[in-house]
4 protein chains.
Amino acid sequence: MTLRVGIIGGTGYTGAELLRILVRHPYAELTAITSRAEAGNSVAELFPNLRGVTDLRFSDPGNTDLDACQLVFSATPNGIAMTQAERLLRAGVRMIDLAADFRIRDRVTWERWYEMTHACPALLDEAVYGLPELNRKRIRAARLVANPGCYPTAVILGALPLIEKGVVNLDDIIADAKSGVSGAGRSAKLATLFSEAADNFKAYGVSGHRHYPEIMQVFREVAGSAPGLTFVPHLVPMIRGIHATLYFKALDTNHDLTQLFSDRYAREIFVDVMDPPGLPETRSVKGANTCRIAVHQHAGGRVVVLSVIDNLVKGAAGQAIQNMNIMFDLDEDAGLDRLALVP
Amino acid sequence: MTLRVGIIGGTGYTGAELLRILVRHPYAELTAITSRAEAGNSVAELFPNLRGVTDLRFSDPGNTDLDACQLVFSATPNGIAMTQAERLLRAGVRMIDLAADFRIRDRVTWERWYEMTHACPALLDEAVYGLPELNRKRIRAARLVANPGCYPTAVILGALPLIEKGVVNLDDIIADAKSGVSGAGRSAKLATLFSEAADNFKAYGVSGHRHYPEIMQVFREVAGSAPGLTFVPHLVPMIRGIHATLYFKALDTNHDLTQLFSDRYAREIFVDVMDPPGLPETRSVKGANTCRIAVHQHAGGRVVVLSVIDNLVKGAAGQAIQNMNIMFDLDEDAGLDRLALVP
Amino acid sequence: MTLRVGIIGGTGYTGAELLRILVRHPYAELTAITSRAEAGNSVAELFPNLRGVTDLRFSDPGNTDLDACQLVFSATPNGIAMTQAERLLRAGVRMIDLAADFRIRDRVTWERWYEMTHACPALLDEAVYGLPELNRKRIRAARLVANPGCYPTAVILGALPLIEKGVVNLDDIIADAKSGVSGAGRSAKLATLFSEAADNFKAYGVSGHRHYPEIMQVFREVAGSAPGLTFVPHLVPMIRGIHATLYFKALDTNHDLTQLFSDRYAREIFVDVMDPPGLPETRSVKGANTCRIAVHQHAGGRVVVLSVIDNLVKGAAGQAIQNMNIMFDLDEDAGLDRLALVP
Amino acid sequence: MTLRVGIIGGTGYTGAELLRILVRHPYAELTAITSRAEAGNSVAELFPNLRGVTDLRFSDPGNTDLDACQLVFSATPNGIAMTQAERLLRAGVRMIDLAADFRIRDRVTWERWYEMTHACPALLDEAVYGLPELNRKRIRAARLVANPGCYPTAVILGALPLIEKGVVNLDDIIADAKSGVSGAGRSAKLATLFSEAADNFKAYGVSGHRHYPEIMQVFREVAGSAPGLTFVPHLVPMIRGIHATLYFKALDTNHDLTQLFSDRYAREIFVDVMDPPGLPETRSVKGANTCRIAVHQHAGGRVVVLSVIDNLVKGAAGQAIQNMNIMFDLDEDAGLDRLALVP
């Protein structure tokens with residue numbers, strides 16, 4: 001079986017990563033990739049790692065028949081997928097949006113955080129939040145999948161077993177998260193220039209970051225009520241990787257929480273729970289779709305969870321392919337690596 | 001006036017940084033620097049940035065008359081200064097130890113964390129913890145100064161006003177700290193090789209780090225009782241810099257905590273409190289003796305403090321020189337920069 | 001068909017890279033990997049990227065029956081393979097040495113550059129220099145393959161067509177080469193610490209580097225006489241990658257040298273010749289077994305060739321696997337990538 | 001004496017570096033710094049390393065009386081200084097242009113390489129090329145100084161003694177140069193994003209770079225005829241630093257060329273010639289105004305010169321201040337460091 005897929009807007013890092021995975025995918029064939037700016041140009045010219053691997057060219061969105069695809073990935077900036085979704089779904093094409101257009105179910109919340117009017121509120125309820133470890137069944141049946149943000153993926157997977165089981169105090173969760181620079185995207189910005197970001201470390205978005213309401217939405221649904229969450233993202237001088245350091249208070253200090261995580265993720269091929277005292281490194285998942293987690297229980301009930309992903313893979317394109325595999329009943333790991341590039 | 005100073009063991013990064021500062025110090029003259037391994041070799045050969053700036057050579061500790069110095073810095077690994085201190089003090093030489101030998105007043109605690117028998121417990125009580133912003137008066141009179149660790153400097157300065165004023169819940173303080181690789185020293189270790197540490201991020205010492213009891217000792221003294229502290233250090237792929245992200249719960253949400261910090265540090269030339277919403281970057285203090293701090297007050301009483309230093313300057317050699325300046329009644333900023341090298 | 005292979009000394013970066021490739025190789029099964037220091041330990045503990053991918057453990061060289069392998073890779077430091085080769089070959093095991101023991105055919109030259117007595121000069125003549133693009137036929141039949149050095153691979157592939165065709169002045173070739181830090185290996189050395197190698201650039205080995213006689217040997221054989229070669233290696237603050245900038249003088253300025261390269265490598269799946277004006281980046285081959293080359297012809301006959309490889313893949317482990325594939329009549333690209341990890 | 005100086009366009013890296021040096025300069029007072037985009041904003045807000053060090057604000061070029069300055073630095077992109085120079089000179093203000101407007105004496109050559117019509121050809125002849133080691137006397141008297149480019153500074157200082165003495169073959173000089181990313185400036189460009197430039201190495205401008213005619217102009221003047229020069233620049237994943245590797249053929253192999261360099265630069269405080277076999281590192285001049293040089297003489301007459309500078313200091317702002325010091329008879333090293341920030 002060959003699955004015909006298309007990509008809208010494949011010139012950013014998530015688009016490039018979709019390409020990198022799809023060109024080796026055993027069951028999917030990339031039939032079109034659109035870009036207004038790069039229309040006509042060879043994909044391998046823009047992304048030199050694809051030379052000799054694909055002859056694909058970018059096509060103009062206006063001239064591209066995406067309706068012939070069975071699945072379309074939207075890898076555009078926020079605000080584009082919501083203008084395309086209805087038409088594609090009507091044509092029988094399923095869609096995975098790697099941007100944020102369908103991640104927040106509450107329209108008012110979305111519009112406040114994203115500072116736009118939502119162009120397609122009708123689909124907000126139908127869209128499925130594409131975290132396989134949480135929503136696998138619904139993803140399988142979904143027409144429209146909202147692929148999670150990178151920070152939310154690392155934070156939610158590192159918190160899920162604790163919140164589901166109700167073993168930690170929900171009033172006071174701290175997520176101190178650190179991201180590589182590719183998380184800021186491939187558009188030219190002063191703050192992500194090499195000479196600004198290298199040999200430096202800083203927090204940002206301390207007063208509010210768009211991934212906060214996304215994490216909160218999941219926590220609220222799982223817990224049944226809104227938790228107290230403090231989320232502080234930081235910028236690390238590395239290309240790929242997210243490291244979330246999560247702080248909880250255990251309600252009962254006798255639980256073996258590593259066991260709780262191991263049980264919860266026993267059948268998840270892309271979540272790896274380390275034995276204590278585990279110290280997952282971001283490079284241990286570089287290029288891989290794995291989320292690697294370690295749980296540290298301190299005296300007095302303090303729990304520290306360390307959770308790492310590659311922001312472009314499990315935090316974006318890899319997870320999108322995982323969702324595709326689920327939606328079309330393919331092997332869930334088809335085309336995806338658990339083996340990282342180290343050093 | 002010229003102050004005659006010596007350095008014991010100046011081949012590590014803190015020794016190199018002492019050299020960098022002392023060769024331009026207006027009032028101090030470095031008369032000797034000892035190293036068993038490098039005895040006879042030119043300092044500028046080992047540290048190429050000193051070529052043309054100093055003709056000094058390393059001398060053998062056995063042949064070096066440090067008694068002629070007014071002040072000796074010990075920049076050796078832990079466990080050496082404690083074997084030298086009594087003799088030097090008896091000879092009328094004052095001493096600043098940049099290692100950890102005299103940082104912990106409680107001998108049992110020290111021996112447990114440092115896994116050595118303390119060779120000089122008699123001086124533990126006399127040694128002054130060399131954080132000028134806390135102990136300036138006692139430093140002025142001290143014969144023996146224990147220069148603080150790098151993490152403790154960043155964490156304590158970011159917490160001090162809150163703990164002194166008792167405006168936060170002491171039961172539950174979280175210090176999520178991140179350090180550049182130079183903090184691990186200049187000895188050849190696998191974990192700090194370029195190919196291991198570059199393009200990577202990880203936590204370490206989650207089960208226990210030697211800077212934990214040091215921070216706790218200060219917090220306990222300032223608060224009057226032992227607080228609950230969780231301290232998690234991380235390794236950042238940059239050379240210099242510490243970024244401490246500190247999480248507190250305010251007891252009263254009406255305080256203007258930035259004002260509290262500004263007032264507390266109003267006369268401190270090496271502490272810079274930013275207006276909200278400040279986001280201090282580690283590079284903004286690269287090469288400088290400044291600690292730069294921003295305070296974020298969230299709804300619900302959560303307080304996030306960001307505190308950055310250069311681990312080799314305010315976190316080590318710069319603070320040692322600041323202590324020297326205080327001990328000998330020199331301008332406190334003599335030889336020290338507030339201007340960082342950016343980009 | 002499954003090929004039984006073993007690795008001697010798999011704890012360095014080339015060993016780790018052999019592991020990374022072999023665990024996904026469709027036809028090879030790694031049956032043993034020896035390490036005196038790590039005997040009994042899990043491979044995935046040492047190399048966290050292999051967690052969940054292999055259960056293999058290091059075994060003691062004394063207790064390991066490598067004779068049951070059809071092929072053994074030696075990934076030890078220089079000087080070990082030459083003590084193992086005779087015994088293995090006698091047992092009918094073929095061998096690929098990733099170190100330098102069998103790269104130089106002239107024993108006296110080898111001993112001068114490597115400062116050791118050669119333990120197995122009898123095999124120097126039989127050993128085949130494992131550059132497939134030069135010696136494919138002899139590799140196919142070889143019992144013992146000397147896998148080329150990383151610099152020689154990049155330099156030779158960037159020079160071969162010119163030297164074979166005799167279109168450049170052989171008296172005066174300049175190879176200005178730049179390498180990532182992983183080329184220096186995984187042993188703890190001061191010069192390759194993060195804080196020494198990051199944010200820095202330097203030449204080294206200007207007075208003489210062991211890869212010089214290796215390149216010269218190939219050039220001499222291909223040209224029929226010894227050329228004049230100046231080789232200057234440099235250290236780049238990146239993990240993987242070699243960039244060779246080669247300077248030649250064309251004897252005839254009318255040749256289309258890009259065409260010459262394209263023709264020469266037309267059937268080579270791991271050599272990619274770019275159209276002018278090509279600027280190959282090292283990251284375009286990160287993790288891939290590709291050598292990417294561009295040729296620039298300047299007015300006056302000056303020719304500049306740019307040649308990039310991943311030093312751990314085409315410059316070491318990938319080329320070794322390519323040699324294995326050739327020796328055992330497997331698809332030459334089995335298990336090997338042409339797709340790089342970018343960004 | 002206090003010298004009143006102004007800066008036009010101080011928001012790039014060379015402007016920031018001028019600021020960093022001028023705020024500590026003992027004799028100069030920065031009275032105005034203009035920027036259309038940042039007018040009214042505090043300098044310390046844009047450059048966080050200046051917090052607490054200066055209260056200066058950017059002013060609008062239209063409202064700024066630069067005529068009251070004795071010296072104005074132009075740190076704008078190419079093409080601006082040439083529109084300001086005549087007016088300032090007429091008002092009696094001397095000028096140092098850190099861009100390229102007055103570096104090339106031949107108008108036609110300049111217009112071809114810079115793809116603009118020159119707005120002020122009348123001053124091309126008067127402008128003095130501001131390399132103190134070459135033109136100190138003329139700089140002292142100059143009204144208008146063209147501050148050299150970064151690559152030309154490293155390359156020319158590494159070649160000057162050889163060309164002046166005529167001891168090398170002028171037909172065939174190769175300059176293989178490597179630069180840190182800050183050399184590309186502080187404007188947002190895709191190619192200099194962290195995720196594009198980090199962990200990567202590449203050549204660029206192989207078909208032609210604007211610093212080529214600048215180097216050629218000096219070589220031609222010094223040699224008396226045009227040499228044959230091949231110049232290939234490369235991008236290094238580090239912030240600051242240029243490393244030029246220069247290849248010459250000696251006409252007479254008996255010369256001690258290190259001695260020749262030492263003699264030539266004996267009275268130059270910012271040129272440091274190392275004894276053989278010297279390997280200057282870029283970090284050894286980080287933040288310093290030093291050019292550090294080593295000369296390697298190989299058998300057969302091949303000469304390799306290694307020359308390093310900090311591209312923002314000796315390659316831009318530091319050299320501009322050195323020129324200022326010369327023009328106003330100040331100590332030539334006033335405000336300038338020879339001490340680098342290492343590690």
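Proteins come first, then strands; the chains are lettered A, B, ... in the order of their sequence lines, and each starts at number 1.
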Heavy atoms only, distances under 4.5 angstrom: which of B/Val342, B/Asp172, B/Ile242, B/Val206 has the most pairs with chain A? Name it, please. B/Val206
How many angstroms lie between atom CD of A/Glu17 and atom OG of A/Ser182, to the nearest 0.5 angstrom? 8.5 Å
Quick one: what part of A/Glu196 sits under 4.5 Å from any heavy atom of chain B, side chain, backbone, both or neither? both
Which of A/Pro343, A/Ser195, A/Gly180, A/Ala203 touches chain B most, by non-hydrogen pairs under 4.5 Å: A/Ala203
Pairwise distance CG(B/Leu306) to NE2(B/His243) - rounded to 0.5 angstrom: 4.5 Å
Quick check on B/Pro277 against chain A: is it the side chain, the backbone, both or neither that has a heavy atom closer than 4.5 Å? side chain
Evaluate the side-chain contact (heavy atoms from CB on, under 4.5 Å) criterion for residues B/Val313 and B/Ile309: first the C-alpha distance (whole Å), next the side-chain angles of each, then the deciding distance (0.1 Å), finally the verdict. CA-CA 8 Å; B/Val313 188; B/Ile309 60 169; over 6 Å; no
Under 4.5 Å from any heavy atom of chain B - which part of A/Val236: side chain
Which of the residues B/Val304, B/Ile174, B/Val232, B/Thr245 is involved in the greatest number of heavy-atom pairs with chain A at under 4.5 angstrom? B/Ile174
Could you go through A/Phe261 and A/Ile293, starting from their C-alpha distance and side-chain angles, then the distance that decides it, and tell me whether this counts as side-chain contact (heavy atoms from CB on, under 4.5 Å)? CA-CA 9 Å; A/Phe261 274 74; A/Ile293 296 174; 3.9 Å; yes
Find the distance between CG (B/Asp272) and OG (B/Ser307) and round it off to the nearest 0.5 Å. 11.0 Å
Examine whether an atom of B/Ile239 lies under 4.5 Å from a heavy atom of chain A, and if so say whether it belongs to the side chain, the backbone or both; otherwise answer neither. both
Heavy atoms only, distances under 4.5 angstrom: which of B/Lys178, B/His296, B/His298 has the most pairs with chain A? Name it, please. B/Lys178
Which one of A/Glu281, A/Lys202, A/Arg283, A/Lys249 has the most heavy-atom pairs closer than 4.5 Å to chain B? A/Arg283
Can you tell me if NZ on A/Lys189 sees more than 12 non-hydrogen neighbours from other groups inside 6.0 Å? yes
Given the options A/Lys314, A/Gln319, A/Glu214, A/His211, A/Thr153 meets side-chain hydrogen bond (donor to acceptor under 3.5 Å, both in side chains) only with A/Gln319
Most contacts with chain B, counted as non-hydrogen pairs under 4.5 angstrom, among A/Leu279, A/Val308, A/Leu235: A/Leu279
